[in-house]
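To keep things clear, I will list the structure first and then write my remarks on it.
These numbers come from a predicted model, not from an experiment.
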Number of protein chains: 2
Amino acid sequence: MSIDYNKVTIKTSLHHCFGSPNDDIEGLPQFFAELAEGADEVDIKGNTFLFREKDPSDYVYILVSGAVMLERSTSTGSRQVFAFLYTGNLMGLSEQLTYSFSAKSLADATAIRISRSAMQSMFDRYPAVAQKYHKVTGRILALILDQLFIMGQKSAHQRLGHFLLDMIPKLGRGQSQFYLPMSRQDIADYLGMSLETASRGFSRLKRSKLIDIQSNYHITILDEQKLRDFIAD
Amino acid sequence: MSIDYNKVTIKTSLHHCFGSPNDDIEGLPQFFAELAEGADEVDIKGNTFLFREKDPSDYVYILVSGAVMLERSTSTGSRQVFAFLYTGNLMGLSEQLTYSFSAKSLADATAIRISRSAMQSMFDRYPAVAQKYHKVTGRILALILDQLFIMGQKSAHQRLGHFLLDMIPKLGRGQSQFYLPMSRQDIADYLGMSLETASRGFSRLKRSKLIDIQSNYHITILDEQKLRDFIAD
DNA sequence: CGAGCCCTTGATGCATTTCAACGAATGTGG
DNA sequence: CCACATTCGTTGAAATGCATCAAGGGCTCG
């Protein structure tokens, strides 16, 4: 039980999550040292659950590599995907005793795992770090509100456009080609539409030369401005 | 500049928001005393903005009476309502420098207003209270996820059913009649549908005898169980 | 080479929006 | 107190967007 803070992938993930030492957050190095003691590194096969909705929320995970989606399913098998998470995102920390959604890997992934109670107690002892974390929570809340806005106001094809544009900040500057780690079905469930509608959306954007589809999972945005015009009602 | 903590409406609102003294939260009485010094009581006419999206987020508001909705509008005039807030809800506290949505009163209302920086500094000095507040934030996040789920997975009429059932917890036990403080348009914008669809939803639920409509704003739930069956896909 | 999976495309039907008219409630000025 | 305007809600008819059903194509892997 412990992780190697000096491993580059781990270090960058932690910094992404809690800030880096030159952010001048009080107690951050000690926090990381203590975290490294109490945490574990876990390997996750593709398409497996890190945890499921209603399981006791015993652990908190920080994604080190790979991609994960947060989702909730109905009894009838339909599903809402809440978010796609990438390196450096934290998941599973809530005040409730059980998880309110499931977390499923999209491909092989690795994560740092730490018990929720340990995390809580560390937040109690490092208030500056906790504060940083609450800022992140606030940003997440803002992102979900954006998503709610899009779900309520935009057409299916516009929602897909939003989704593709949201990929851009994750890329290097000027980059407009990217790899989608999720299936059409995942995208459809994220945007609240059928698989077919999502697929038609891709086709239509390609036909209008707003995007190019090298392969099912390799997309290039050809005309960002036109895409932005398209999603603005 | 100061409010009267002993005024019943104010006291209950604050307790609803930060906990009551018998919740045994460290420093709570001092927190309330300090809050009372730095806060103001403001009267708000019906249908006016407490603040608008993109305004500098200078103040935090705690609703004492009346009802408020949080919303965001597009350039073309369409609108998404994020939430309806009632007595004891806090709004406007975020880490960003500007509000990310507008707050508009549904009818005449009163609120406690305090500067955001004062609120922040009090949270720094009363960590137990801040922690209580972050729990509330977590609950809000869970509620928004529920809303996102409903928006993505349910039909328009089902969403309306959800909305009506959500009114119940706010009522006394066994109570099934309530007053809706918002218009059909507000409801439609909350649930991401047209005014007409919302209206047809009410009519249909009335025709099926799941609800009764005494007047436009007075609704009775006649058969809660059937309504729950209806919204479960 | 064939099986299986995922994606695409077409055809059809249903849910929801849009356009339009009407009705009920409320307020205003004569 | 009544005619009138105004606002808000309801209802109908037509148009549209999206889901569903169904078939076929391309990729990957044994």
Letter by letter from the 5' end, nucleotides 3-9 of chain C scores (B base, S sugar-phosphate only, - none; protein heavy atoms under 4.0 Å) ---SSBB
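Sorted by first and then second residue, the salt bridge (Lys or Arg N to Asp or Glu O under 4.0 Å) pairs with a member in residues 218-228 of chain B read B:E224-B:R228; sequence neighbours excluded. Sorted by first and then second residue, the pairs that involve residues 198-233 of chain A and meet ring pair (Phe, Tyr, Trp, His ring centres under 6.0 Å), not counting sequence neighbours, are A:Y179-A:H218.
Under the 3.5 Å distance criterion, with hydrogens and angles disregarded, a donor-acceptor pair is assigned to the side chains of A:T110 and A:S65.
Electrostatic pairing of B:R116 and B:D58 does not count as a salt bridge here, judged by no charged N lying under 4.0 Å from a carboxylate O.
Screening A:I10, A:L14, A:L85 against A:I62 for a side-chain contact (heavy atoms from CB on, under 4.5 Å) leaves a single residue, A:L14.
Atom-to-atom distance recorded for B:Y5:OH and B:H15:NE2 is 2.5 Å, nearest 0.5 angstrom.
Applying the side-chain hydrogen bond (donor to acceptor under 3.5 Å, both in side chains) test to B:H134 and every residue at least two apart in sequence or in another chain returns A:H134. Residues satisfying the side-chain hydrogen bond (donor to acceptor under 3.5 Å, both in side chains) criterion with A:T76, sequence neighbours excluded, are A:T74, B:D233. Under the ring-ring contact (aromatic ring centres under 6.0 Å, His included) criterion, B:F49 pairs with no residue at all, not counting sequence neighbours. For A:D108, the salt bridge (charged side-chain N to carboxylate O under 4.0 Å, His left out) criterion is met by no residue, not counting sequence neighbours. Residues that satisfy the salt bridge (charged side-chain N to carboxylate O under 4.0 Å, His left out) test with B:K7, not counting sequence neighbours, are B:E41.
If one axis is set at each end of the helix from C:dC1-D:dG30 to C:dG30-D:dC1 from five pairs, those axes are 30° apart, to 10°.
Contacts between residues 150-163 of chain B and DNA chain C, defined by a heavy-atom separation below 4.0 Å, involve B:S155, B:A156, listed by number. Contact check of residues 70-79 of chain B against DNA chain C (heavy atom, cut-off under 4.0 Å) returns no residues at all.
Mapping heavy-atom proximity under 4.0 Å, the span of DNA chain D touched by chain B runs 5' to 3' from D:dC8 to D:dA13.
For B:F84 and B:Y190, the ring centers are positioned less than 6.0 Å apart.
Atom CG of B:L97 is surrounded by 12 or fewer heavy atoms from other residues, nucleotides or ligands within 6.0 Å.
In this structure, B:R113 contributes its side chain and B:D40 its backbone to no donor-acceptor pair below 3.5 Å.
The shortest distance between side-chain heavy atoms of B:R79 and B:D186 falls below 4.5 Å.
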